[in-house]
Amino acid sequence: LIPFIIYYFLKDEKKIYEGFIGILPERFKDPAVAILETADETLAKYITGQLIVAVVLGVLTFIGYRIIGLPNALILSLIVVVTSFIPFIGAVLGALPAILIASTTNLFLIIKVLIVLVVVEQLEGNLISPRLHGSRLQIHPLIVILIVLASFTLFGVLGALFAVPSYSVIRIALKEAHKYRILTQKGGLIHDEKR
């Protein structure tokens, strides 16, 4: 169902947006518009960043699997691309099928797959993801790591998948609410001074 739900959300994005804004009281419309627009921009940056990470990891694992002579390297690399949408732990989940296939061949091939996995995971965890997401979302790489680990521990794989975008949207909403509160207080002061 998820692909169909996403399709209709994307297809009717404007109607959903206008409907949501339309039901809000007048005084909340401006902050809601600011939150939604900033969240939309941030999530777009996150998704494109995660897509870049997934493709880079897929290419790196494909090269590694080809070097060690693992059968079905292309398909196994595509699995890594799909699971890599989960920051930091996605590459490990994507490598499990490769380890299973290697276990049917010989023990030495399992060790080679694990070496490829460690190298790719180190590149992804220490170089690619934190720099890409940190710079695009303006979140410190350590915060990204802690959020993903906490969400994975509490909510499992789905929690890890939605951890960074959820954190980004919540952070935006809190910032915009704080701005709105300050503006409202200043507006109240100006109104009082005019009296």
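Position 1 is the first residue of the sequence; numbering continues from there.
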same_hphob_cluster(I110, V80) at 4.5 Å side-chain heavy-atom cutoff: yes
Straight-line distance of L76 CG to L96 CG, nearest 0.5 Å: 11.0 Å
Distance, nearest 0.5 Å, that separates CD of E37 from CD of E176: 9.5 Å
Salt bridge (charged side-chain N to carboxylate O under 4.0 Å, His left out) pairs, two or more places apart, involving residues 17-36: E26-K29
With A32 via side chain to side chain contact (heavy atoms under 4.5 Å, CB included) - residues at least two apart: I21, L24
Common cluster, I47/I172, ILVMFWY with side-chain heavy-atom separation under 4.5 Å: no
Using atom types as modelled, flag every donor-acceptor pair under 3.5 Å from a side chain in residues 100-107 to any protein atom, sequence neighbours excluded.
residue, atom, partner, partner atom, Å
S103, OG, L100, O, 2.5
T104, OG1, I101, O, 2.5
N106, OD1, F108, N, 3.2
N106, OD1, L109, N, 2.7

Linked, directly or transitively: V119 and V113 (ILVMFWY side chains, under 4.5 Å): yes
Side-chain heavy atoms of L114 within contact of L117, under 4.5 Å: yes
Single-linkage hydrophobic cluster L174~I143, side-chain heavy atoms < 4.5 angstrom: no
Linked, directly or transitively: V53 and I79 (ILVMFWY side chains, under 4.5 Å): yes
Counterpart residues, side chain to side chain contact (heavy atoms under 4.5 Å, CB included), relative to A173 (two or more places apart): I35
Please table the atom pairs, donor to acceptor, closer than 3.5 Å between any side-chain atom in residues 57-72 and protein atoms at least two apart or in another chain.
residue, atom, partner, partner atom, Å
T61, OG1, L57, O, 2.9
T61, OG1, G58, O, 3.0

For S84 against Q50, the heavy-atom pair lying closest together: O-NE2, 2.6 Å
Side-chain touch K15/F20, heavy atoms, less than 4.5 angstrom: no
Side-chain donor/acceptor pairs under 3.5 Å, residues 148-161, sequence neighbours excluded:
residue, atom, partner, partner atom, Å
S151, OG, I147, O, 2.9
T153, OG1, L149, O, 2.8

